[in-house]
There are 2 protein chains.
Amino acid sequence: MAVTTRRADAQRNIAAILTAAAECLSRDPAASTSEIAKAAGVGRVTLYGHFPSRAELVDAVFVQAIATGEETLGQVDLTGDPREALARLTESSWQLVDQYRALLLAAQDALPPGRVQELHADPMARVERLLERGRAEGVFRSDLPTSWLVSVMHNVMHGAASELQAGRITSDQAAPYITATLLSAFAPA
Amino acid sequence: MAVTTRRADAQRNIAAILTAAAECLSRDPAASTSEIAKAAGVGRVTLYGHFPSRAELVDAVFVQAIATGEETLGQVDLTGDPREALARLTESSWQLVDQYRALLLAAQDALPPGRVQELHADPMARVERLLERGRAEGVFRSDLPTSWLVSVMHNVMHGAASELQAGRITSDQAAPYITATLLSAFAPA
DNA sequence: CGTAACTCGTACACTGGTGTTCAACAAGAG
DNA sequence: CTCTTGTTGAACACCAGTGTACGAGTTACG
C-alpha cells in the first residue's frame, strides 16, 4: 500500500481525476462518476481503482479544496486594526466561497454529517482568533458568542453567492457589500 | 375539472396527503412518494390520482406553507419605530424559517429554478416595505440596496437554523441573536 | 339502491445511478 | 526485455425511485 510505489501514470491519473472532479462538481454538485471519469480522460473503472467510492472521491476533492484555500488565507495579513484585517480576510474568503460554492453542496450530501464541519475547523479557527482579538481591543461586539459571529460571516458570504448567481448583484459589488455589512454587524452596541 | 364536484372522501385524502407531505418533507427533503402516501394512510396510486407528479405535490405543499406563513406575518404590527417593527417581524419570520427549513430544501431541488423565488415574492415585499420606510426615516442605512438587506436578513435567519440544528445555540437564543445582529447590520453608518 | 367516483394492492416498465467482474491490452520500472 | 502494475470498455447485478396499468373492491351521493 506504499503510496510511493505507485507507478507514474497512476499518479498522473489520480491528479487528473481530482482536478476533473473539482471542475465537474463545481458545475454540478450531483455530477456522476461517469462524467468525472470522462472529464479526466479516464475510464470509469480506473476511477474506481483509485477511489473506492464516489463519497471518498468527493471527500478527497473537498480536502484538497480546503487545503488550497488555507494556503491562500494563510497569506492574508491579520495584524493591525482588526476591522481592516477583517476586511482583508473577507475579501479573500469571499473569493473562495464563491469558487467552491457548488463543491460545498456536493460535499454536504455525499459526506457523512459532521464531516464538512470537521474539515472547516481550521478556517473557522482563523476567523475566531481575529474576532476575539477585535473584542479584546473593544472594536467588535462582545454581547454575542464568537461562534455566532463566525456563522453570520459565513452565511452572509454564502448569501452573496446566491445573490450573485441570481443576478441581483455583480461580482465586484459582492466583497464591498459583505464587508460593509459585517463591519456594521460586528460593531459594539 | 370543477373542484366543487369532488367527493368528500377525495377531499379528505387530498388534505391528508398535503399535511403528511408537509411533515415528511420537513423531516427529510428527499422523502419519497411511498413514504408520504404511507404517512397519509393512503395508497401510492391514490396520491398519483390527485397529484400528477412528485414535483407538483411539493409545489402544492410549498404554496400552502407560504400561504400559512403569510397569514401569520400579516398579523405582525409593522407600524411605529421601524427598528421595533423589524424586531417583531424577525421574531415571527424566524419561527417560520425554522419550521419550514427542510421543506425549502425539498422545494429547491424538486421545483424548476426560479419557482421558489417566485413564491417568496409576497413575504419579501413585506420586508422591503418596512426597510424602505426605515430608510426614509433615517434609522436604516441607505448605502446598500434594499434587496441586499433583505438577503442578509434571509441568510442570517437560515444560518441560525443551521446553528440550532448543530446544537451551537438553543432555540430561545435564536431570535434575540438574529435581531441584535440585524439591527446592528442595518444601522446607518 | 344503484351508479359514478374513488381507492387499493400488485405488478410492471423505465430511468439513472453505483460498484464489480473479466479478459485483453498498454506502459512504466528495474 | 520482461514482469508487474495499471488501464480499458463492455457487461452485469443491484438498488431506489418515478410513473402507469389493471381489476377488484369501497364509499359517497342523489
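Here is how names work: the chains are called A, B, and so on, in the same order as the sequence lines, proteins then strands, and each is numbered from 1. Basis for what follows: all heavy atoms, side chains included, without hydrogens, waters or symmetry-related copies.
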### Query
Is there a donor in the side chain of B:Q95 and an acceptor in the side chain of B:E91, or the other way round, less than 3.5 Å apart?
yes
### Atom pair distance, as rounded to whole Å: CG in A:D9 and C1' in D:dG6
6 Å
### Whole-Å gap separating P (C:dA27) and CD (A:Q11)
18 Å
### Task
Please answer: with hydrophobic residues joined when any side-chain heavy atoms are less than 4.5 Å apart, are A:L105 and B:L105 in the same cluster?
no
#### Entry: Whole-Å gap separating P (C:dG9) and CG (B:L47)
13 Å
### Query
Once each nucleotide of nucleotides 16-24 of chain D is scored for protein heavy atoms under 4.0 Å, what B/S/- sequence comes out, 5' to 3'?
-SBBBB---
### Query
Linking I/L/V/M/F/W/Y whenever any side-chain heavy atoms sit under 4.5 Å apart, do B:I17 and B:V63 land together?
yes
### Query
Is any side-chain nitrogen or oxygen of A:R12 closer than 4.0 Å to OP1 or OP2 of C:dG28?
yes
### Task
Find the distance A:F51:CZ to D:dG6:P and express it as a whole number of Å.
14 Å
### Query
Which one, D:dT7, C:dT7, D:dC29, comes nearest to the side chain of B:H50?
C:dT7
### Task
Give the ring-plane orientation class for A:F186 versus A:F140, where under 30° counts as parallel, over 60° as perpendicular and anything between as tilted.
perpendicular
### Task
Measure the distance from CD1 on B:I17 to P on C:dC8 and round it to the nearest whole Å.
9 Å
### Query
Does one side chain, of B:E56 or B:S53, offer a donor that lies under 3.5 Å from an acceptor on the other?
no
### Query
Under 3.5 Å, is there an N or O donor on one side and an acceptor on the other linking the side chain of B:R7 and the base of C:dA5?
yes
### Distance below 4.0 Å between A:N13 side-chain N/O and D:dG6 OP1 or OP2
no
### Query
Should the pair A:H120 and A:F62 be assigned to parallel (<30°), tilted (30 to 60°) or perpendicular (>60°) ring geometry?
tilted
### Query
Once you round it to whole Å, what is the distance between C1' of D:dA10 and NZ of A:K38?
14 Å
